[in-house]
J.: 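Mind looking over this structure? Questions follow.
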Amino acid sequence: MNGAAIEMRDAFGQTLVELGAQYPNMIVLDADLHTSSKATMFKKAYPERFLQVGIAEQNLFGISAGLALSGFLPFPSTFAAFASRRALDQIAISICFPNLNVKIPGSYVGLPTSRAGASHNCIEDIAIMRALPNMRVADPADAADLRAIMHAAAEVRGPVYFRIARLAMPPIFGPDHRFEWGKGVLLREGRDVTLFGTGIMTTFCLKAADLLAHEGIRAEVVHLGSIKPIDRELIASSAARTGCAVTAENATINGGFGAAVLEVLSEECPVPVRRIGVRDRWADSGGIKELFTHHHMQPEDIAEAARKVISQKKGVQV
Amino acid sequence: MNGAAIEMRDAFGQTLVELGAQYPNMIVLDADLHTSSKATMFKKAYPERFLQVGIAEQNLFGISAGLALSGFLPFPSTFAAFASRRALDQIAISICFPNLNVKIPGSYVGLPTSRAGASHNCIEDIAIMRALPNMRVADPADAADLRAIMHAAAEVRGPVYFRIARLAMPPIFGPDHRFEWGKGVLLREGRDVTLFGTGIMTTFCLKAADLLAHEGIRAEVVHLGSIKPIDRELIASSAARTGCAVTAENATINGGFGAAVLEVLSEECPVPVRRIGVRDRWADSGGIKELFTHHHMQPEDIAEAARKVISQKKGVQV
Amino acid sequence: MQLPVEKLTQLETVAYQIRRLSVEMITYGKWGHIGGSFSMAEILAVLYFHVMKVDAENPEWEHRDRLVLSKAHGSPALYAALALRGFYPLEKVYSYCELGGFEGHTDMARTPGLESSGGPLGMGLSVAVGMALGMRFKDNPRGRVFCILGDGECNEGNVWEAAMSAAHYHLDNLIAVVDYNKVMAKGFVWDEMAIEPLAEKWRAFGWEVIEVDGHDIPALVEAFYRARWILPRGKPVVVIAHTVKGKGVEMAEFNYRWHTHAPDPATADRMLRELARTYGFPEQGYSKLGEPEVKENFYGGE
Amino acid sequence: MQLPVEKLTQLETVAYQIRRLSVEMITYGKWGHIGGSFSMAEILAVLYFHVMKVDAENPEWEHRDRLVLSKAHGSPALYAALALRGFYPLEKVYSYCELGGFEGHTDMARTPGLESSGGPLGMGLSVAVGMALGMRFKDNPRGRVFCILGDGECNEGNVWEAAMSAAHYHLDNLIAVVDYNKVMAKGFVWDEMAIEPLAEKWRAFGWEVIEVDGHDIPALVEAFYRARWILPRGKPVVVIAHTVKGKGVEMAEFNYRWHTHAPDPATADRMLRELARTYGFPEQGYSKLGEPEVKENFYGGE
Ligand SMILES: Cc1ncc(C[n+]2csc(CCOP(=O)(O)OP(=O)(O)O)c2C)c(N)n1
Ligand SMILES: Cc1ncc(C[n+]2csc(CCOP(=O)(O)OP(=O)(O)O)c2C)c(N)n1
Ligand SMILES: [Mg+2]
Ligand SMILES: [Mg+2]
């Protein structure tokens, strides 16, 4: 699909409002960041169901647990870095352990976080959240995907963590797009290599597939918005067809989405794989494009990784 | 080697004392758990270099950062659950980001934590710590290994996280055992499958290899005490020889040690792998043996996983 | 406010039984925290048998009061209180620390009547704030949320985040109780990380403060009456209950060595007999004495 | 205590230049926090040019005083102060927010004179406690550790853990400064999460408290003199500096919309001219006005 890029944060705010109408027990909590995250939209629509907790993330998630235990549907909203690092014990034990119905948006993920620098470019959240039993994890490719994920989050019982990049993304999915937990989407068929993308990197994968097409390489592109649970069948069947793969995530390549794909492939269909993502280093301040180039996360880098795994499956020295 | 099992906690306490003599700038900090962790031994030997911070783990690691910035060598000691979950932002940004010289023992890891239950059986720490840039991560197999890791931790500049199981382990290594960052140890040669173990699970791998030997399966056993950095060469060369592998860790199988091995194999030598560890569920109270059985982490389970990957590499339906 | 004799006797008996059952559970379960269970025996007795509106037949009753045990390692005392209050048969408590049984810390999925799950200290007051806000959202003016904290636990910053917010939200339906037993896991609070002036801290964080002898049942009844009906004037209330860690068994009193430690059956037997003598009940020993040890004995405790 | 006129003039000039450079950096870097940089301009001027013993030639000098900027988003003001103090050439500050340049928050690996790295709020006071303990361990009685906190930042529990411990350790070589500018990221502190009575909170946590007008240079000098030389009697000292967020440019004052927002060059130019008028310096606009935009413009801020 083609169309104007949509700010993920706007889609987040709008969908919060949409859900607010549908779920009268929904409460959005904020830790002094609502105009950045765009939770402001919910605040404006439902001021009586918006709760400001100040700069106190541990309390943010503890209060959410208490509200969930009282029958509410809390969306405690803060930056991904502070959800996953500052309040992890609260998320793990007050929320995940008793399997409470709390939906956790993580804003400002990965590289595009304005110029805030290492402490705010959250790259560890996928690895961290995936390690928590009961937690579901999702990373949307575009605005429609984010909207669908948020609806699916509200529908399912139990804790959910989903990511919101601070970036405008071109639409991949149409307005009637639906999201299913544990289901990926085959976006483009190919036979030479599979590019598994999550979050905003799926768009980068599509671009990489275009680049590869120029060289006659037919790349299959699979979007896995649902990182946990993950689509084992699709991952295995696609890799079985193409014989090699590249994963791409807007996060560290240690233990995150790439690892989730490897965990499936190693059991179902071991093939050569390269992971694109932040290579175990702190992210810097800088321009968005600059950062993606600096961290080797551009479509060109995905294409290059694809070439490598293809030659590897052919037994050619790389 | 054969010999009486040694409490890992005792080895921890003794080595703290040993290091205290060697490093006059070493300070052990505690958050109200020293007789459990056995940091008590250091407290007794060097009361003036022991700092009690009370039940305040965020402060524990923040203070450690400040001490490291003042030229000290802090060992902030608490349970693994509270290091990795309660104070993660402090560890990540106050310590890892500026690459400070702080050595973090995580006590009470995985299943054997007395009967404290889910909140204390820390299964996420490997995945979490591995996701932090600059952090080194190690999980010792026995007392000699723990001692060697602690010496290596003190020798290297920068943050280190190492695990201490609440268990007495039979000795694998001799007293002159040395630990090198990024180096694994080939404990037993075999040709049919590699069992990659870390921490106390290496002993379980050795037992599994014995079980398999009865069936004529020659299992190679590799101990990877250094999880980050990890021994890429040894992992790749062993898997290339045996053609399939099992990983075993006293932690969740999501994103942890198993994933670290997969990350190497997927690039160097993709082979069928199964991971043994806690299968994405909260651990319970219960007896140690009971828990290992309940969570399918006994030598028998490792052996069974080995049989599966062996038949998989042979193309037999599993 | 005069407490009828029968009521006082009942509450004394419950407190005694909470201590007894705690010893039984911890011994049979081979793990647990005697000191912090004993110190809040009267607090739990008064709450569950006099103050709190709960319905054991209908644990999910919408208009019930709620209790969050933030110091979740005190679970044996709470499991005992819930059993005595009729949430489940008494025998159930012996599943404590068994695989699939009642958790060492608290797991609400396992134990009827539990309002939260826990283990890490410092987190419960936030959960209680959420519940108190929930009551407000649901227009329930009678309901109260209680939250029991340890004194050492007050070292945790999360406690003060929650405290600050409870005052900010004017949650006068929230009553925190500090089990001020002067001892934490490895020593006295004033040695490890002093919390004094504790009442001043809570006041400066916007709370009404009541100080009380946490083993004096009529005083506790009075304190909770004030906390529930007199003081709620736009501020949350904290009851600082001065207690004795390990209260009831001399060797455990104010002794951090009994913070976490499972007695062997013989020691448990002696403890239980001492408890009976102390509280004036017929002497009775450890009920499982002589029973074969069913559970793998790992370590003594900690 | 009378401040010599030349000294006062110098400190006023430095405070003015800190504001100027902050605007330059944030505009050129296309990101940053004007409000919280302006509010602590005088505080940093007084600390770096009058109070703190530091040696720009030898940033690692063992006996230096240290400053931890816990509200690390105020980095522009600190980068300016360090530049003015001679830790690096002035031009270096224009690498602010550039790839490989000075970090948006603080990265000590990038900026000489920085004593800590940060970004997440609430963590700096613990680091400062560690440094103050370090000075004690090293028998350095003259050294002081300063730590600047935001008022909204005082919502964070970690601040109170650190505060409790500083009193427990009797760290009278530690001086915290709260930049009490009444505004946090998205509104007034009293609306979002009230911290009053703030002085009472610090007192209840065992600190000596000084309250001061944080834009009054002689008053700040006096406050820090007392904090350094008179009050250290076994307690840490907090200077609660009442300030105005965005102080110096009218549209930014007490206005959370300028908490984080990069002005466009024309707005920056107007701001700088207003600053010059306000503080009585020769009018001077944005130095990069008309320069081609070298940096990718992503969003305005936040
Ligand atoms: C966050 C956290 N840190 C450490 C522990 C380990 N721990 C369990 S109980 C305890 C001491 C608690 O002391 P106190 O709050 O005074 O409770 P008491 O048993 O005296 O009632 C500690 C440190 C924990 N459970 N959670
Ligand atoms: C732990 C954490 N939560 C949230 C943020 C995002 N944030 C940056 S500045 C700010 C407001 C700070 O307000 P205050 O402490 O009053 O500082 P001021 O700018 O007013 O000096 C927030 C919420 C952060 N940096 N760290
Ligand atoms: Mg106590
Ligand atoms: Mg402010």
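All values below come from the heavy atoms of this structure, side chains included, with hydrogens, waters and symmetry mates left out. The sequence lines fix the lettering, A, B, ..., with proteins before strands; numbering per chain opens at 1.
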J.: If I measure from the heavy atoms of chain A, does Glu115(C) come under 4.5 Å with its side chain, its backbone, both, or neither?
T.: backbone
J.: More than 12 non-hydrogen atoms from neighbouring residues, nucleotides or ligands closer than 6.0 Å to CD on Glu48(A), yes or no?
T.: yes
J.: Using a 4.5 Å cut-off on heavy atoms from C-beta on, say whether the side chain of Phe97(A) contacts that of Met108(C).
T.: no
J.: Just checking heavy atoms, which of residues 122-133 of chain C are less than 4.5 Å from chain A?
T.: Met123(C), Ser126(C), Val127(C), Val129(C), Gly130(C), Met131(C), Leu133(C)
J.: Using the salt bridge (charged side-chain N to carboxylate O under 4.0 Å, His left out) rule, collect all pairs that involve residues 77-86 of chain A, keeping only residues at least two apart or in two chains.
T.: Arg85(A)-Glu124(A), Arg85(A)-Asp89(B), Arg86(A)-Asp89(B), Arg86(A)-Glu156(D)
J.: Between Ile27(A) and chain C, which part of the residue has a heavy atom less than 4.5 Å away: side chain, backbone, both or neither?
T.: side chain
J.: Determine the option with the most heavy-atom pairs under 4.5 angstrom with chain C, choosing from Ile63(A), Val53(A), Leu60(A).
T.: Ile63(A)
J.: Verify the neighbour count for atom NZ of Lys138(C): are there more than 12 heavy atoms of other residues, nucleotides or ligands below 6.0 Å?
T.: yes
J.: Could you tell me which portion of Glu103(C) (side chain, backbone, both or neither) has an atom closer than 4.5 angstrom to a non-hydrogen atom of chain A?
T.: side chain
J.: With heavy-atom distances below 4.5 Å as the criterion, would you say the side chains of Leu67(A) and Phe137(C) are in contact?
T.: yes
J.: For the CD atom on Glu57(C), are there more than 12 heavy atoms of other groups (residues, nucleotides or ligands in this structure) within a distance under 6.0 Å?
T.: no
J.: Taking the side chain as C-beta and beyond, is there a heavy-atom pair between Ser70(A) and Arg66(C) under 4.5 Å?
T.: yes
J.: With a sphere of 6.0 Å drawn around CD of Glu180(A), does it hold more than 12 non-hydrogen atoms of other residues, nucleotides or ligands?
T.: no
J.: Does anything in residues 10-20 of chain A get under 4.5 Å of chain C by heavy atoms, and if so which residues?
T.: none
J.: What residues of residues 160-173 of chain C make heavy-atom contacts with chain A at a cutoff under 4.5 angstrom?
T.: Glu161(C), Ala162(C), Ser165(C), Tyr169(C)
J.: Side chain from CB out, backbone as N, CA, C, O: work out which of these in Thr106(C) comes under 4.5 Å of a heavy atom of chain A, or both, or neither.
T.: backbone
